[in-house]
Structures are given as C-alpha cells and as structure tokens.
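First comes the structure, then the notes that go with it.
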Number of protein chains: 2
Amino acid sequence: MKNSRITLKDLAKDLNLSPSTISRALGNHPAISDATKKRVQKMAEELGFRPNSIASSFRKKKTQTIGVIAPRIDIHFHSLVISGIEEFAYNNGYNVTIFQSKDSLKREKEIIKILQNKMVDGIIVCLSIETKNCDHFKKINKLGIPLVFYDRVPTDFDTNKIIINDFESAYLATEHLIKSGCKRVGHISGSQTTNIFKARLEGYKAALKHYKLPVEESLILFTNNLSYEEGVKCAETYLKSTTKPDGIFCANDYTAVSVIQVFRKAGIKIPEDVAIVGFSNYPISKIIEPHLTTINDRAFQMGEAATKLLIRQIEEKDESISSETITLKTELIIRESSIK
Amino acid sequence: MKNSRITLKDLAKDLNLSPSTISRALGNHPAISDATKKRVQKMAEELGFRPNSIASSFRKKKTQTIGVIAPRIDIHFHSLVISGIEEFAYNNGYNVTIFQSKDSLKREKEIIKILQNKMVDGIIVCLSIETKNCDHFKKINKLGIPLVFYDRVPTDFDTNKIIINDFESAYLATEHLIKSGCKRVGHISGSQTTNIFKARLEGYKAALKHYKLPVEESLILFTNNLSYEEGVKCAETYLKSTTKPDGIFCANDYTAVSVIQVFRKAGIKIPEDVAIVGFSNYPISKIIEPHLTTINDRAFQMGEAATKLLIRQIEEKDESISSETITLKTELIIRESSIK
DNA sequence: AACAGTTATGCAAACGTTTGCATAACTATT
DNA sequence: AATAGTTATGCAAACGTTTGCATAACTGTT
C-alpha cells in the first residue's frame, strides 16, 4: 500500500489517460467527453483522490484565501463581523485566515507581510488603534491585492470601506430621546481621535440643534475607550452635577449599562427620571433591566458586505473601479430604557 | 519596470549566485558564509523580496497552517478559544484558517475535505452538536494529520483532547453553595446527550451526597440548550413548586442570569433567599446585579493549550505518543450572588 | 608536494497542477 | 475521395522553492 496521497498522475496511469485530461475532466472542461468525465470522477471517488490545493494555488497564482486582520477576535463586535465574513466566504469558495493585530501597529505591519507571502487573494481589515498612517496598506494596494476596510477605516487614502452611518445613527438615537420628552439630553462619548465617535458626537449635536435645544458642554462627557468602568465614572459625574440630564445617549452599550446600574442604585428611575439609549445592540442590552434601547450596528452584515465587495474586486476583470464605500443602514431598537 | 514579484532567481541573477545559495542564505543555512548572507539579505531588503510561501509549502509539504472548526465564531466562548489559538499559533509561526460548522454534520464533513485539500499541518475541532460518529475524523487521523479536540470532544475514539474537569467544577460550585448554608440546592442542567452537561450533573449530585443532602429530582430541571429563555421557564417552574430551592447551581451563566432576574421580580432576594452560581464566567456575570458567582472555564487557555499540543504533535519526530488528554484547572469565582 | 579535510557554492530534479498548442480521430460536406 | 470542421486527448513547460549530491576552492598536515 502506497503511503503518499493519490495525485492526478496516479489517476492518469490507472485510466490510461494523461494528467491534463484528468485535470480537465475534474474541472468539468467542455472539451472532455461526458463518458471520460464519468470514468474519471468514478475512479477519483474510488481512490479517494483529494486535489492538492497548494499545487493548484501555486500554479494558478490564486489561493482562494482571504486574510482578515481584526484588533481582537474575542470582542463581540469583531466576532460577529468575522462570522459574517466566514459565512459569505465559505458559500463562495473562499477560506478565511485570521490575525489579531492586538491594536499594535508593529504587529499589523508584520501581518501584512505574512499575508503578502501567503499570496492571499484579498484582505479585510479593521485598523489597529495605533495606526495613524496607512503606507503599509498603500503598498499592498499598489501590488494589486484587493483591500476592504471595515469599522475603523483609513481617512488618508481612497480605498474600499464598509461603514455605518454613525452620524445618522446618533441623530436618530438623540431624536428618539427628544421625542420621548427629554429636554436635557446628555452624551457619553468615545475617544475623539476615532472618527466613528466624532461622528456620533456630531450626530447628537445636530439633533439637538434641529429641535432647538441648547448644546450644553456640561452634559457631554468623554471617555478613552467606553469601558464599563469609565461608564461608572461618567454616571457618578452626572450624579454630582447640579444640572442633571433627563436623557442620555451613550456611544456604546457598556457605558449605557453602567449608567443604568449606577443611577438605579442612586434611586433614580430608568426610564422615568432619565431615559437611556446605547449603541451596538450587544447581547447584554436584551438582558439588562430595563432592556436597553440601542442601535443595531449590523456587525454580521458588515462582514458579509465586506466579503462580497472583496470577492467582487478579486474576480472583477474591469479595472475601472478603484474604490468603493458602502454605508450600511442601522436600526434603532426601541426597548424599555427610553420609553417615558 | 517588471510587473511580477521578485523571486529567488531574480536575486540570484543580481548577485551572481545560484538560487540555492540565495535560499540557503535567507534560511540561515550554516554552509553559507556570513559575508554572502549579509549581501543576500541586503539585496533582498532593497528589492523588497517576499518569499512565496505557497511555493515553499508546495515543495516542503508543510503549510504552517492550522485549521480550526468551531460550531460558530460569534459565541463568546469560542471567540475566546480562537483568540487563544491565534495568539499561540502566531507566536510560533503558524497561521490559522477558521471554519464554522454551524453545528451541521454535513458541513463539518465538507470542511474536513477542504482542510485535507489545503494540506493544513493540523486541525483543532469542537464537534458539531449533530456529530455522533467520528469516522470522518478517524480517516484524517489515519492520514497522519494531527488532530486536537476541545470542549465537545469525541468519546468513541482515542485522540487528543483539551477539556476542563466538569465534574469537579460542578462539585466545587455545589459545595460552595452548601457551605454558604444552602440546604436545598437545585440544578439547571443542559442536554444529557452532551457529556459536559452529564458530568456537571454528576458533580452536583456527588457534592450533595458527600454532604449528606438528599438528591431531590424535583430540584433538577433540564433544558435543551441552556438559553436565556429556557432559564426563565426553569425559574418560573421553581417559583410554582411547593418545595423551593434555597440555592441553585446553573450549568451556564445565561440561565443563572435569567433566574436572578425572574426571582428578583417575584420579590425573592438574591443571595439572601436563594443563592445562585453559574458556569463559564461570561462578561455578563460581572455586570448583572448581584454579580454572579461562576466557574472560570479558561476558554483562552483552552485555545492556547490546544495549539501547543497540536504544534508539538506536528513537529514531534517521536511517533510513540498516539494521544493525549489535557484537563485544565478551573476556578470558582465567588461574587455577590452566592454569599449569604 | 601530495593528500585529507573543511568550507562555500552550484546543479538539477522534484513537488502536483494547469494550460497553450499540437494532433489524432472522428463527422459532415462537397 | 478529398477536404474542412469538430471533438477529444496528449505533450511539455511552467509556477518558485528546496535539497541531496557533486564539486571547486581553500587550509592545514605530513
């Protein structure tokens, strides 16, 4: 019994055909007769032939592999995006190789090199927090490797991006609070070095202006990374303040949850005294009491859309399109925390 | 300007050396003089040479790639495990290609074939829920491709497994409730077709017996998949029952959280009237009020351990070890929900 | 000066698949 | 019966790297 795996040559010898015919038969090439195709397929099945995709990739210069760089995999948002990527890729004959940049620029650059070595057909990226300059991605782009960014995307070069409309989402959330009867709407914001949090702040302000409410700087609190702990601090700041809000739009669900808990402990009723809206529709938003009104940021769909766009760019013959930005619709999910 | 990428041959021509020398120089082969190595490295750097790993994999029959099959990526437990896998693999020069079985046996089998075609060096798997028979994995094993299972592992064949001690963890959790003064400890259990939930039930019973408490069947409730909703139903069942528990060990955190919420709404004080312990240390356990006592199931470490074992098996020359089972230590994290 | 031993490099084949081109074997048309 | 057209198959090269073996150029020993 031979130890090594069956190759096209083995099949060829057994069937008295040439390897090229076998290759074409299995690839359903039109020039091969149906009779031969049947014979080949049957024999391949019998011998348990497994085509060597490495050899195929090597020859075709096409790996059917997509590289993904996310800051971390264990953050729910990213795990949802990656799930969407894997699902869409799988259904279209592509495989997914994942890397965590750990929000390190150095590691991001290392990964880019590895992906280049591995000859992936395309790359999907959410930028590391440290990345201010995208030259390493521009290089990749020059080499003709398709690139799609999601969520945290570069501003300094024209490329493919999948984003949500943070401005509009924030506007919607704030408008909802106003329409629920809030007169003094606060905002807990993320780092202003990140565009998405800037946009959320702007959307919030725009809604206030549209409804002729004053933008009070004392009602806007800033955090570094919107952690649960920072949320607690913000809540305490609001509590100490003389001019308390009667509604708060939080830039993520973690801070929203911490505000709910701190306020409740302080005897403030949610939503009666203060209405709360979060952002991202994290699992906890359905569990916290009262259930949290929030924005569905469509993470899974983001992964799907990124992959769809990437594959189109990979397979596109037409080189006329150089870049594309897709903005996904978000959705305000109204739950108890905001219904006065 | 040439359009295609630089190869060993290009470097060879430029330096008046043979491709083999270039290959060895870059691979730091001892037979190459330091002077030559320096020259080669410098030129490679200058021309931006990127070694073609596909060609290398093809020639060496080694892809430096690990295939991972998880039921889904967007479940927190699995995203943590995968994070551990990626981290350990990356630090040891391996890449990770991920697949979701979606708990479908058919898809699991398809993926196995793809991984075989792709010539991955090894595979890490958490079995799909539908998988009762592991013949497709046995085949892989016969071909000499190293295989490591985690969490949901096969019982019908001898292979590499990373598990936690569910029995002991459940014993610890139950013992803790008993020592906190509970006299009537209930248990919300998962599907008994899954070994880990069987083991948790057994551990619970063993603790009761050890402390001379009766095992009351009416206090043990069964669910299909330990969902939040099923937890709510269990809580309601307990409420209606004439013989209520004063402590409950839940087989996961979701059901524990739902019990806390339903009981609190019914005016039952947690932990004073009923103490609660969960399982898995989900993020929500630190947020729910009262904070949930639970078992740290070491998901990240599980991923690391699986990868470490797999890489050892890949690189091991010694064929004498055929299989290994590693049991990770868990940890009881005591929080407010169980302190009477 | 002859030889053995060491050091550095090159040659050429191999890995398994794909594909442009050639060609053989038919079929249909005059 | 000769020709053109079609259909099915084979030949051989190529993709970029690695590696066993050969060999050339030294160094040191007698």
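Chain naming here is simple, since letters A, B, ... match the order of the sequence lines and numbering starts at 1 in each.
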*How would you label the contact of B:Asn117 with the nucleic acid (heavy atoms, under 4.0 Å): base, sugar-phosphate, or nothing?*
nothing
*What do the steps show when you test B:Thr97 against A:Thr97 for side-chain hydrogen bond (donor to acceptor under 3.5 Å, both in side chains), and what is the final call?*
CA-CA 4 Å; B:Thr97 297; A:Thr97 296; 2.9 Å; yes
*Take A:Ile196 and A:Arg152 through the side chain to side chain contact (heavy atoms under 4.5 Å, CB included) test and state the conclusion after the steps.*
CA-CA 8 Å; A:Ile196 56 181; A:Arg152 227 182 282 138; 5.5 Å; no
*asked:* Rounded to whole Å, please give me the gap between CD in A:Gln64 and C1' in C:dT18.
replied: 14 Å
*Which part of the nucleic acid, if any, lies within contact of B:Ser53, taking any heavy atom under 4.0 Å across all strands shown: a base, the sugar-phosphate backbone alone, or nothing?*
nothing
*How would you label the contact of A:Ser57 with the nucleic acid (heavy atoms, under 4.0 Å): base, sugar-phosphate, or nothing?*
nothing
*asked:* Assess the residue pair A:Glu108 and A:Ile111 against the criterion (side chain to side chain contact (heavy atoms under 4.5 Å, CB included)); give the C-alpha distance rounded to whole Å, side-chain angles, the decisive distance to 0.1 Å, and a yes or no.
replied: CA-CA 5 Å; A:Glu108 192 174 86; A:Ile111 295 168; 5.6 Å; no
*Interatomic distance where CG belongs to B:Leu26 and P belongs to D:dT18 [whole Å]*: 9 Å
*Within a reach of under 6.0 Å around NZ of A:Lys132, are more than 12 heavy atoms found that belong to other residues, nucleotides or ligands?*
yes
*Hey, is the side chain of B:Thr21 poking within less than 4.0 Å of OP1 or OP2 on C:dG10, counting only N and O atoms?*
yes
*asked:* Checking contacts here: which listed nucleotide (D:dA8, C:dT17, C:dT19) is nearest the side-chain heavy atoms of A:Ser56?
replied: C:dT17
_B:Lys9 NZ to C:dG10 P, straight-line distance once rounded to whole Å_ = 15 Å
_Residue whose closest nucleotide on DNA chain C lies nearer the 5' end, B:His29 versus A:Phe49_ = B:His29
_Closest to side chain of B:Phe58, choosing from C:dC15, D:dC15, C:dT17_ = C:dC15
*Spacing of A:Asn16 atom CG relative to C:dA24 atom C1', expressed in whole Å*: 16 Å
*Is there a donor-acceptor pair closer than 3.5 Å between any side-chain N or O of A:Lys37 and the backbone N or O of A:His29?*
yes
*May I have the distance from B:Ile54 (atom CD1) to C:dT17 (atom C1'), rounded to whole angstrom?*
13 Å
_What's A:Ser20 touching, base or sugar-phosphate or nothing? Going by heavy atoms closer than 4.0 Å._
base
*Rounding to a whole Å, what distance do you find between A:Leu15:CG and D:dT9:P?*
11 Å
*Is any side-chain N or O of B:Lys61 closer than 4.0 Å to OP1 or OP2 of C:dG16?*
yes
_OP1 or OP2 of D:dG16 under 4.0 Å from side-chain N/O of B:Thr7_ = no
*Under 4.0 angstrom, heavy atoms only, what part of the nucleic acid is A:Ser33 near: base, sugar-phosphate, or nothing?*
sugar-phosphate
*hbond_proxy A:Arg24 side chain to D:dG10 base (donor-acceptor, 3.5 Å cutoff)*: yes
*Tell me: CG of B:Asp10 to C1' of D:dT17, nearest whole Å?*
13 Å
*Quick one: label A:Leu17 by what it contacts on the DNA or RNA (base, sugar-phosphate, nothing), any heavy atom closer than 4.0 Å.*
sugar-phosphate
*asked:* What is the distance, to the nearest angstrom, from the CD1 atom on A:Ile32 to the P atom on D:dG10?
replied: 8 Å
_Exam field: side chain B:Gln313 to backbone B:Pro146, donor-acceptor pair closer than 3.5 Å_ = no
*Could you please name the option among D:dT9, C:dT17, C:dC15 that lies closest to any side-chain atom of B:Arg59?*
C:dC15
*Side chain of B:Ser23: nearest nucleotide among C:dT19, D:dT18, D:dG16?*
D:dT18
